[in-house]
Amino acid sequence: MGQPFIRNHEFNLIQKQVKLLQNTCTTVSDPKVVESVRMSVHAVLDEAFQAAEPDQRLLVLGLAELSSPQQFAQGVEALEPYRLSFPAVTEGQLKRLFPKAKKLKVPDLDKIDLRKVTYLGWTDIGSGKMFLVHELDGKPAGIEGRFSPAGTKKNTCFLCRSHGEVALFTAVTKHRPLHASPDYYKAIGNYMCLSSDSCNARLTDPAVLDQFFRDVLTK
């Protein structure tokens, strides 16, 4: 077996495209439509794995040639050993990312499958805060912010773009303009999934997450 090369968001993208093709193969009788979807899936996967090694690309692109539910299930399962893990972090490292949170409660890292993580996210009910950890420019970075559940209201998560139960996550940026008053602050808020696990399982593009971290930490 080769080295792992598929990040969590890429695996989610593969699953999404496979589901689309499988549904088309099982519900559409027009071969031209099936072929069109097959070509579209191939193009999406090809674009996503441009930087992969030739043998790795063949593993992924081969999914676009499958037809039956059994083949699709086996094809996706065969990719499981090639999933990359989120960089391993310790409780001490997490606490150092949030030095102002003196009584920070971190998640049980032993219970987290890091292969299924694009970012670490957990809430502290007592303080009403959420903590996010993401790899930015090759290093772990952390953001904390207010986490206000929207109750029965549903909306679209800005990270995974799925519609469901969300909360408003609001973080204060670290950047202060020149000559800003002592009480100046700027907050950035977005709706995001109540469940970080569900969000990680649906996230297919980390670009928005990267930009959010940059906006909060550097602007």
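Heavy-atom basis, side chains included; hydrogens, waters and symmetry copies ignored.
To the nearest 0.5 Å, atom SG of residue Cys199 and atom CG of residue Leu194 are 10.5 Å apart. Rounding to the nearest 0.5 Å gives a distance of 6.5 Å between CG of Leu114 and CG of Leu120. Here CG of Asp210 is found 9.5 Å from CD of Glu135. Values are rounded to the nearest 0.5 Å. From Ile14, atom CD1 reaches atom OG1 of Thr204 across 11.5 Å, with rounding to the nearest 0.5 Å. The structure places OG1 of Thr90 at 5.5 Å from CZ of Arg96, a figure rounded to the nearest 0.5 Å. Atom CZ of residue Phe72 and atom CG of residue Asn23 lie 10.0 Å apart, to the nearest 0.5 angstrom.
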Inset, instruction - Just do the side-chain contact (heavy atoms from CB on, under 4.5 Å) check on Val76 and Gln15 with the steps written out, would you? - result: CA-CA 7 Å; Val76 172; Gln15 289 183 306; 4.2 Å; yes
Inset, instruction - Go through the steps to decide whether Ile112 and Leu109 satisfy the test side-chain contact (heavy atoms from CB on, under 4.5 Å), and finish with yes or no. - result: CA-CA 5 Å; Ile112 299 175; Leu109 297 173; 4.2 Å; yes
Legend entry - Test side-chain contact (heavy atoms from CB on, under 4.5 Å) applied to Leu79 and Leu63, step by step: CA-CA 10 Å; Leu79 294 180; Leu63 295 171; 3.7 Å; yes
Inset, instruction - Using the salt bridge (Lys or Arg N to Asp or Glu O under 4.0 Å) rule, take Asp197 and Arg202 through it: C-alpha gap first, then chi angles, then the decisive distance, then the call. - result: CA-CA 9 Å; Asp197 290 341; Arg202 295 189 290 247; over 6 Å; no
Inset, instruction - Please test Arg146 against Thr170 for side chain to side chain donor-acceptor pair (under 3.5 Å), starting from the C-alpha separation and ending with a verdict. - result: CA-CA 5 Å; Arg146 304 299 302 178; Thr170 308; over 6 Å; no
Inset, instruction - Could you check Asp30 against Lys32 for side-chain contact (heavy atoms from CB on, under 4.5 Å), going step by step and ending with a plain yes or no? - result: CA-CA 5 Å; Asp30 188 337; Lys32 292 184 178 180; 3.4 Å; yes
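Residues Phe212 and Phe158 bring their aromatic ring centres within 6.0 Å.
For Val34 against Cys25, the heavy-atom pair with the smallest separation is CG1-SG, 4.0 Å. Closest of all the heavy-atom pairs between Pro206 and His9 is CD-CD2, 3.3 Å. Here the closest non-hydrogen pair linking Val166 and Cys157 is CG1-N, 4.2 Å. Closest non-hydrogen pair, Ala141 versus Leu217, comes out as CB-CD1, 3.8 Å. The shortest heavy-atom contact between Met192 and Tyr119 is CE-OH, 3.8 Å. Phe98 and Leu104 make their closest contact through CD1-CD2, 3.8 Å (heavy atoms, listed as atom of the first residue, atom of the second, distance).
More than 12 heavy atoms of other residues, nucleotides or ligands sit less than 6.0 Å from atom CD of Gln50.
Salt bridge present: Glu10 and Arg7 bring a charged side-chain N and a carboxylate O closer than 4.0 Å. Under a 4.0 Å N-O distance rule, the pair Asp113/Arg115 qualifies as a salt bridge. Using a 4.0 Å cut-off between charged side-chain N and carboxylate O, Lys95 and Glu91 make a salt bridge.
Phe11 and Phe86 are not part of a single hydrophobic cluster, where members link through side-chain heavy atoms under 4.5 Å apart. Placement of Phe147 and Leu209 within a single hydrophobic cluster is found when ILVMFWY residues are connected by side-chain heavy-atom separations under 4.5 Å, directly or transitively. Two different hydrophobic clusters hold Leu59 and Leu84 under the rule that ILVMFWY side chains link at heavy-atom gaps under 4.5 Å. Note on Leu97 and Val216: separate hydrophobic clusters, where clusters join Ile, Leu, Val, Met, Phe, Trp and Tyr whose side-chain heavy atoms are under 4.5 Å apart, directly or indirectly. In the hydrophobic clustering of this structure, Phe169 groups with Phe213; members are Ile, Leu, Val, Met, Phe, Trp, Tyr whose side-chain heavy atoms approach within less than 4.5 Å, directly or through other members.
No side-chain donor-acceptor contact under 3.5 Å links Gln74 to the backbone of Gln71. Checking side-chain atoms of Gln56 against main-chain N and O of Glu53 turns up a donor-acceptor pair under 3.5 Å. With hydrogens and angles ignored, the 3.5 Å screen pairs a side-chain donor or acceptor of Asn12 with a backbone N or O of Leu203. Without hydrogens or angle criteria, Gln22 side chain to Val18 main chain gives no donor-acceptor distance under 3.5 Å.
Ring geometry, Trp122 versus Phe131: the interplanar angle falls under 30°, so the pair is classed parallel (tilted spans 30 to 60°).
Proximity of Asp46 to Arg57: side-chain heavy atoms (C-beta onward) are separated by under 4.5 Å at one or more points. Using a 4.5 Å heavy-atom threshold, the side chains of Leu21 and Arg38 count as touching. Taking the side chain as every heavy atom from C-beta outward, Leu20 and Val37 approach each other to under 4.5 Å. The shortest side-chain heavy-atom distance between Cys160 and Cys193 falls under the 4.5 Å cut-off. Counting only heavy atoms from C-beta outward, the side chains of Glu144 and Met130 never approach each other to under 4.5 Å.
Applying the side-chain hydrogen bond (donor to acceptor under 3.5 Å, both in side chains) rule to Asn8 yields the partners Arg83, Thr118; only residues at least two apart in sequence or on another chain are considered.
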